[in-house]
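Along the sequence shown, residues are numbered consecutively beginning with 1.
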Amino acid sequence: RSTLPESSMKFGSVRLNAKKYGFVIHLNNDTLADSSIALETKVREQMVRDLAIAVDRAILDGIGGAQPLGLGRTSGVNIVSKGSTVGFTDLLSAIDRIEARDVILDESTAWIFPSSIKALLRKMVSPANDYIWTDTPNLSQAALGSAPTPLLGYKWNDSNIITKGMAGGDSDKYTMFFGKWSDIIVGMRMNIELSSNENVNWMLDQTSIRAMIRLDVAVTHPASSIVT
């Protein structure tokens, strides 16, 4: 009778230290009272959006210290250099680089790129002169509620929060992110909190609204992500 070999599993730990994001807006009470719309509600909604954008930017490009350390600045993340513009081989190199490190990709694997380069990707062709991607379903697919066509087999999102010079790159170049996003932990010590106070600027007859959140970010497996 053969004996099965013994094995032991290794575990690592991730330490998160909550970082605080927030800001305060002061509103004139007369403006609040006389507005024909629910002004305070609109302001609160915009504050939540602004704070969410700050969090997204920190996940991608936080510099550490008082900020979370974002994906693009984490040691061990794959870096693929490109020329002045991204090309077909750059995209393939991004995928190949991760697959070469035996990363098991899952449903969270996706591209994130700036909205401004979508036009470039639409026009990109393979060596066989075939277009590699369209960002929308055809009419029959759209009628069935189909998702946009994957980019080289993977989901994608475009965002205007990705600006030139991100992730320590050149100030005149945009950055693309690709990887297994389930390997990124966002630890929320405190969800977005909105609070108002009419007494802070009582002498100025103002209402102050504060938006605040506490969180940290950790990349648990840097090999599963790439910046190009």
Could you check whether [Y] and [X], counting side-chain N and O atoms only, form a donor-acceptor pair closer than 3.5 Å?
{"X": "R44", "Y": "S196", "result": "yes"}
{"X": "D106", "Y": "S182", "result": "yes"}
{"X": "D90", "Y": "T228", "result": "no"}
{"X": "N29", "Y": "T207", "result": "yes"}

Working to the nearest 0.5 Å, report the span between [atom1] of [X] and [atom2] of [Y].
{"X": "L27", "Y": "E198", "atom1": "CG", "atom2": "CD", "result": "11.0 Å"}
{"X": "L39", "Y": "T31", "atom1": "CG", "atom2": "OG1", "result": "7.5 Å"}
{"X": "H221", "Y": "D183", "atom1": "NE2", "atom2": "CG", "result": "6.5 Å"}
{"X": "Y174", "Y": "M166", "atom1": "OH", "atom2": "CE", "result": "11.0 Å"}
{"X": "L121", "Y": "L91", "atom1": "CG", "atom2": "CG", "result": "6.5 Å"}
{"X": "L51", "Y": "I213", "atom1": "CG", "atom2": "CD1", "result": "5.5 Å"}

Where [X] and [Y] come nearest, the two heavy atoms and their spacing:
{"X": "G76", "Y": "P222", "answer": "C-CB, 3.5 Å"}
{"X": "V227", "Y": "A167", "answer": "CG1-CB, 4.0 Å"}
{"X": "R210", "Y": "M47", "answer": "C-CE, 4.1 Å"}
{"X": "S115", "Y": "D158", "answer": "OG-OD2, 2.8 Å"}
{"X": "W181", "Y": "I112", "answer": "CZ2-CD1, 3.5 Å"}
{"X": "I209", "Y": "E40", "answer": "CD1-CG, 3.6 Å"}

Heavy-atom check, side chain of [X] versus side chain of [Y], under 4.5 Å:
{"X": "F88", "Y": "V125", "result": "no"}
{"X": "Y154", "Y": "W111", "result": "yes"}
{"X": "L16", "Y": "V217", "result": "no"}
{"X": "L215", "Y": "V55", "result": "yes"}

[X], [atom1]: over 12 other non-hydrogen atoms inside 6.0 angstrom:
{"X": "F23", "atom1": "CZ", "result": "yes"}
{"X": "R15", "atom1": "CZ", "result": "no"}
{"X": "R57", "atom1": "CZ", "result": "yes"}
{"X": "I37", "atom1": "CD1", "result": "yes"}

Quiz item: Are the ring centres of W156 and F113 closer than 6.0 Å?
Solution: yes
Quiz prompt | In one Ile/Leu/Val/Met/Phe/Trp/Tyr side-chain cluster, 4.5 Å: V48, I59 | solution = yes
Quiz item: If you group Ile, Leu, Val, Met, Phe, Trp and Tyr by side-chain heavy-atom gaps below 4.5 Å, do Y131 and L152 land in one group?
Solution: no
Exercise. Using a strict cut-off of less than 4.0 Å between a Lys/Arg side-chain nitrogen and an Asp/Glu carboxylate oxygen, indicate whether D216 and K19 qualify as a salt bridge.
Key: yes
Exercise. Salt-bridge test for E193 and R214: reply yes if a basic N is under 4.0 Å from a carboxylate O, no otherwise.
Key: no
